[in-house]
Number of protein chains: 4
Amino acid sequence: MYKNLSPGAIGIRCGFVEGLDLAQKAGFGGADLNLGEAQKLADEKGVDAVLQLYTERGLEMGGWGLPTDWRGTDAAFFESLGKLPAQAKLANELGCFRTMTWMVGWSDDLTRKEHFDQNVRRFRLIAEILREYGHSFGLEFIGPRTSRAPHMYGFVYTMDGMLTLCCAIGTGNVGLLFDVWHWYTAQSTLDDVRKLTAEDVVYVHINDAPAGVNVLDQIDNQRCLPGETGVIPNGDLLRILNEIGYDGPVTVEPFNQPLREIAERDPLEAARVTSRSLDKVFAEGGLQNR
Amino acid sequence: MYKNLSPGAIGIRCGFVEGLDLAQKAGFGGADLNLGEAQKLADEKGVDAVLQLYTERGLEMGGWGLPTDWRGTDAAFFESLGKLPAQAKLANELGCFRTMTWMVGWSDDLTRKEHFDQNVRRFRLIAEILREYGHSFGLEFIGPRTSRAPHMYGFVYTMDGMLTLCCAIGTGNVGLLFDVWHWYTAQSTLDDVRKLTAEDVVYVHINDAPAGVNVLDQIDNQRCLPGETGVIPNGDLLRILNEIGYDGPVTVEPFNQPLREIAERDPLEAARVTSRSLDKVFAEGGLQNR
Amino acid sequence: MYKNLSPGAIGIRCGFVEGLDLAQKAGFGGADLNLGEAQKLADEKGVDAVLQLYTERGLEMGGWGLPTDWRGTDAAFFESLGKLPAQAKLANELGCFRTMTWMVGWSDDLTRKEHFDQNVRRFRLIAEILREYGHSFGLEFIGPRTSRAPHMYGFVYTMDGMLTLCCAIGTGNVGLLFDVWHWYTAQSTLDDVRKLTAEDVVYVHINDAPAGVNVLDQIDNQRCLPGETGVIPNGDLLRILNEIGYDGPVTVEPFNQPLREIAERDPLEAARVTSRSLDKVFAEGGLQNR
Amino acid sequence: MYKNLSPGAIGIRCGFVEGLDLAQKAGFGGADLNLGEAQKLADEKGVDAVLQLYTERGLEMGGWGLPTDWRGTDAAFFESLGKLPAQAKLANELGCFRTMTWMVGWSDDLTRKEHFDQNVRRFRLIAEILREYGHSFGLEFIGPRTSRAPHMYGFVYTMDGMLTLCCAIGTGNVGLLFDVWHWYTAQSTLDDVRKLTAEDVVYVHINDAPAGVNVLDQIDNQRCLPGETGVIPNGDLLRILNEIGYDGPVTVEPFNQPLREIAERDPLEAARVTSRSLDKVFAEGGLQNR
């Protein structure tokens, strides 16, 4: 496992290369791939130029956010799916084999069965294309009760449900974007994390939760930095992820207002604060930044 | 909804007709169908004779436990599946349209994907036959962490996971055997029950949990009678089930030693104790025994 | 059934409206829809303006050729699939509910199984979108032995194979573009046409075959006008199609050099020759141009 | 390829061991496995005793007829399917890896789509079990027009249709029981046989057709011995089968009254007549009995 920077996830607005500089300076082991900017650069200067950005900074590849519009109309979905083969090919050439997206556990329009059918059909088409280019595809479930309670229809919102959905997709390269916040708010257990395999986990998000709030009342965009409160047992979780063989990026996505303010004022400081928070929980989990 | 008696579920050993007598005397509104004994009786005296057992006691049909050996070898499974059409036909003629089974959320042999593939394949074959005869098929998930923690591989153990599995089966007549104990131990929420539809719920089990035990440390066969401790919000759950349109049997399955002892000594008393426990939570939920 | 004009199919190069004029003047009952030109016109003057082109000439809608690039790469396929919902919607608004394409029965790259998997997957996606807009989708098999013999791998080339493929697609709205030439060269029988249902036949092509050529030696682009040689029993075929309830367009696609020459010199004359050839076989089949 | 004896197929009524004796005496290279009798023998004396019957006579294993009742009710199908794992296991232990059945191309009850759905579902379950034990599964299409013409609904009746059905089953171990009679009556071509792979052909039946009868008027149970009339190009077919890599049994199934009469009077003579007919067409095809 390695500390991975996704600048946007901590509120830093910056270009792709600038983000890689921040990652290096703040002591991260890896950084996400901005596929759009990487494409432009590769078109101009070749794939090697992009690779060099990582190697000369001693950074590993993190992941690339799935660019496909799988939530829209059939027209929008298929049109964007037509672009995926080229995108997946580029990511393959760059050696970045983890892509991911998040999926909400509710709808006001689609019944559970309609939601299931549409998502399985679309994710299967996506995953088949990704598989041709060697990619794993991580799906993030959204755990907070407060997010889905107001909506009409329910859908998958737990680790258990998402792993079942992955089985239904059935392509063999789909697993979790495992976000400890959603694991916590959906009230799964450490024992259930122990039962995961390395293939089940495509990407990891960590963060912490405000203290003094009932787990069922936690609000999705009010989180803390890893190790900040200790509500979420990040050290235990990282130790277990290591034991099951996960060796990929660990990214902080705290939806945290104070950090956002730092990020706007001083991006490098925000990156450093984030990096230190990861050091703390890596140490709790007995891990080193690879 | 109606108070339903499954004699074996509270430790009463008795014949089919004897059980119907107990249900009537203890004030139940319905009783499960023992399909094996019903078959013998129907063979001897006709289907109407079985129906009369219910009508003359003013009892509704509860459910019939799925007799198919879906956990065994392919040989055992298919052989028993060959008997299902006749069984489903008889239950149809008797007007008993709810059948159910339970499914454990772990394995020491099958990986999650193997478990999923085998169960979806078999449940689909079962559900297709059941559908031809008008039956709903309820699957019970097993919630306690303590049950699955010792095992090698995980599988579906939450309401969310089971509903996803039902979507994957895809036959349209598969839903939950909703057992409040498993809902509680798997830590689902009342809001998620509110999102169920009447079709999602095929059959209901209620019971209570020992007080003073952490939810993650509850042991599957150590339960209490409904309303005994108030750990499980049975009144709220019944109210919500009523609101979403569930109108079927509510059966107590308490795995409770003291009740078992009463049942061995005095079956009618055990039935009455159980019936009164249902009265209590029905009242809490603002329901009447239909 | 009605005599339908597809100008390009008989070698006439003309605009959409010009083609409708030719159809009217030559006594056709219907004409194919050029969806691209119809779209332009609808964008400018509205859907009703397109409809009026047909109604004021007393013409029925024929079919619209499937515009989706289902033979190309995944990228090309999905990109063009993204345009299908809007195309299908327009055709629906114009009341033209038959779309079709042809499929070759061989490959030099794809094994039969790979060919099957790719085509079933793609045709299913296409047919699902078409179904939402009420369309039937006709697939044309290619019968001549001489066309497929030189190629490496075989695939579907008979009416029987194509109907089986339609079952495998499984969407319920896929059937045959029934071309009598391919029925003849693949050596099916009149009895097998009698077993078709109206839903099996989406669109009909008729033409005749050169006399004095062994059926296995016929060449795909050397055909005759309907009734020209009598090698293909067009009268019998039309009679049977009528009996099974087919009531759609009947289009001549003769791949015939003399007719092409007439078409280049005098389009109206080519349309009239074609129309008269249809009159002849309609009469043989006991039909009237609806 | 080797000359294979299936005594029943030429009208010989005899026990399993007696049939093996006839095969040896008449110069066959192999003989079909009677799985029921082999089971009894294996139960009494062990699997090796059955194997020895073949080795001491210098015979190869032919095939074993699929014993599963896949045409009946769900109840009958599943009950017999329950016996298949043990049957497939025994055949595996005996080294006999080809099993087969025939499928008619019509129905008076099931529409084409219903027929397709039922058969694909059942054949897939069968093929999955067979695959676990290493077996190939050959399906025979029934070609004569005269057989299916009187029936209500059509279904698969050509080589092309059957290969498409095999793709739809999709288990990878299903191919043709290739009977030259059905190839001939369904009017396929030699070129289409050239496109088969070794995996496409599980088992081969050969015979000839009466001379002077139009191919569409041939009657299914009025056939001739291989090479008797030369209507069916058995030499060419065997040569092509050899070229594509088929190396299994070649069995005569002539439905021939004169041979039946010989078989009743003098079984060995019938076997010898049959063996000589195979010698003739093997020679025409440039083959030796392996």
Side-chain angles (χ1 to χ4, degrees), chain A residues 105-108 110-120 141-172 174-175 184-197 199-200 214-217 244, chain B residues 105-108 110-120 141-172 174-175 184-197 199-200 214-217 244:
Chain A
W106 63 82
S107 173
D108 290 312
L110 300 173
T111 66
R112 186 187 308 108
K113 184 59 163 56
E114 291 166 347
H115 212 150
F116 175 90
D117 288 343
Q118 178 172 304
N119 283 15
V120 166
F141 58 95
I142 305 299
R145 181 200 65 85
T146 52
S147 296
R148 67 184 178 278
H151 295 282
M152 180 73 88
Y153 301 111
F155 191 48
V156 171
Y157 59 92
T158 62
M159 187 168 85
D160 186 45
M162 187 58 96
L163 289 166
T164 307
L165 189 74
C166 293
C167 288
I169 297 169
T171 54
V174 185
Y184 159 71
T185 52
Q187 300 195 83
S188 190
T189 77
L190 291 175
D191 283 309
D192 292 309
V193 182
R194 285 192 184 95
K195 292 209 190 334
L196 298 178
T197 65
E199 290 70 34
D200 287 332
N214 184 299
V215 59
L216 294 185
D217 295 330
I244 64 165
Chain B
W106 63 82
S107 173
D108 291 312
L110 299 174
T111 65
R112 186 188 307 108
K113 184 58 162 57
E114 291 167 346
H115 211 150
F116 176 90
D117 287 344
Q118 178 171 304
N119 283 15
V120 166
F141 58 95
I142 305 299
R145 181 199 65 84
T146 53
S147 296
R148 68 184 178 278
H151 296 282
M152 180 72 89
Y153 302 111
F155 191 49
V156 171
Y157 59 90
T158 62
M159 188 168 84
D160 185 46
M162 187 58 95
L163 289 166
T164 307
L165 189 74
C166 293
C167 287
I169 296 169
T171 54
V174 186
Y184 158 71
T185 52
Q187 300 194 82
S188 191
T189 76
L190 291 174
D191 283 307
D192 292 309
V193 181
R194 285 192 184 95
K195 291 209 191 334
L196 299 177
T197 64
E199 290 70 33
D200 288 331
N214 184 299
V215 59
L216 294 184
D217 296 330
I244 64 166

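It should be emphasised that the depicted structure is a prediction, and the values quoted were computed from it without experimental measurement. Chain identifiers are assigned alphabetically (A, B, ...) following the order of the sequence lines, protein sequences preceding nucleic acid strands; residue numbering begins at 1 within each chain.
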Item to check | Contact winner vs chain A - B:Leu165, B:Asp117, B:Thr158, B:Asp192, heavy-atom pairs under 4.5 Å | outcome: B:Asp192

Item to check | Contacting moiety of A:Leu216, where chain B heavy atoms sit under 4.5 Å | outcome: side chain

Checklist outcome for this item: Ranked by heavy-atom pairs below 4.5 Å to chain A, first place among B:Asp191, B:Val215, B:Thr111 goes to B:Asp191

Checklist outcome for this item: Rounded to the nearest 0.5 angstrom, the NZ-OG distance for B:Lys195 and A:Ser107 is 10.5 Å

Next on the checklist: Could you walk me through whether A:Asp160 and B:Val156 satisfy the side chain to side chain contact (heavy atoms under 4.5 Å, CB included) test, starting with their C-alpha distance in whole Å, then the side-chain angles of each, then the deciding distance to 0.1 Å, before giving a yes or no?
Outcome noted: CA-CA 6 Å; A:Asp160 186 45; B:Val156 171; 4.1 Å; yes

Item to check | pair A:Phe116-B:Cys166: side-chain heavy atoms closer than 4.5 Å | outcome: no

Checklist entry - Under a 4.5 Å heavy-atom cutoff, which of A:Met162, A:His115, A:Arg194, A:His151 has the most pairs with chain B? => result A:His151

Item to check | Segment of A:Arg148 engaging chain B (4.5 angstrom heavy-atom cut-off) | outcome: both

Next on the checklist: Taking side-chain hydrogen bond (donor to acceptor under 3.5 Å, both in side chains) as the definition, give me every residue that meets it alongside B:Asp200, ordered by chain and number, with sequence neighbours left out.
Outcome noted: A:Arg112, B:Thr197

Next on the checklist: Just so I know, are the side chains of B:Phe155 and A:Cys167 near enough to count as touching, which here means a heavy-atom distance under 4.5 Å?
Outcome noted: no

Next on the checklist: Under 4.5 Å from any heavy atom of chain B, what part of A:Thr189 do you find: side chain, backbone, both or neither?
Outcome noted: side chain

Item to check | Set of residues satisfying side-chain hydrogen bond (donor to acceptor under 3.5 Å, both in side chains) with respect to A:Asn214, sequence neighbours excluded | outcome: none

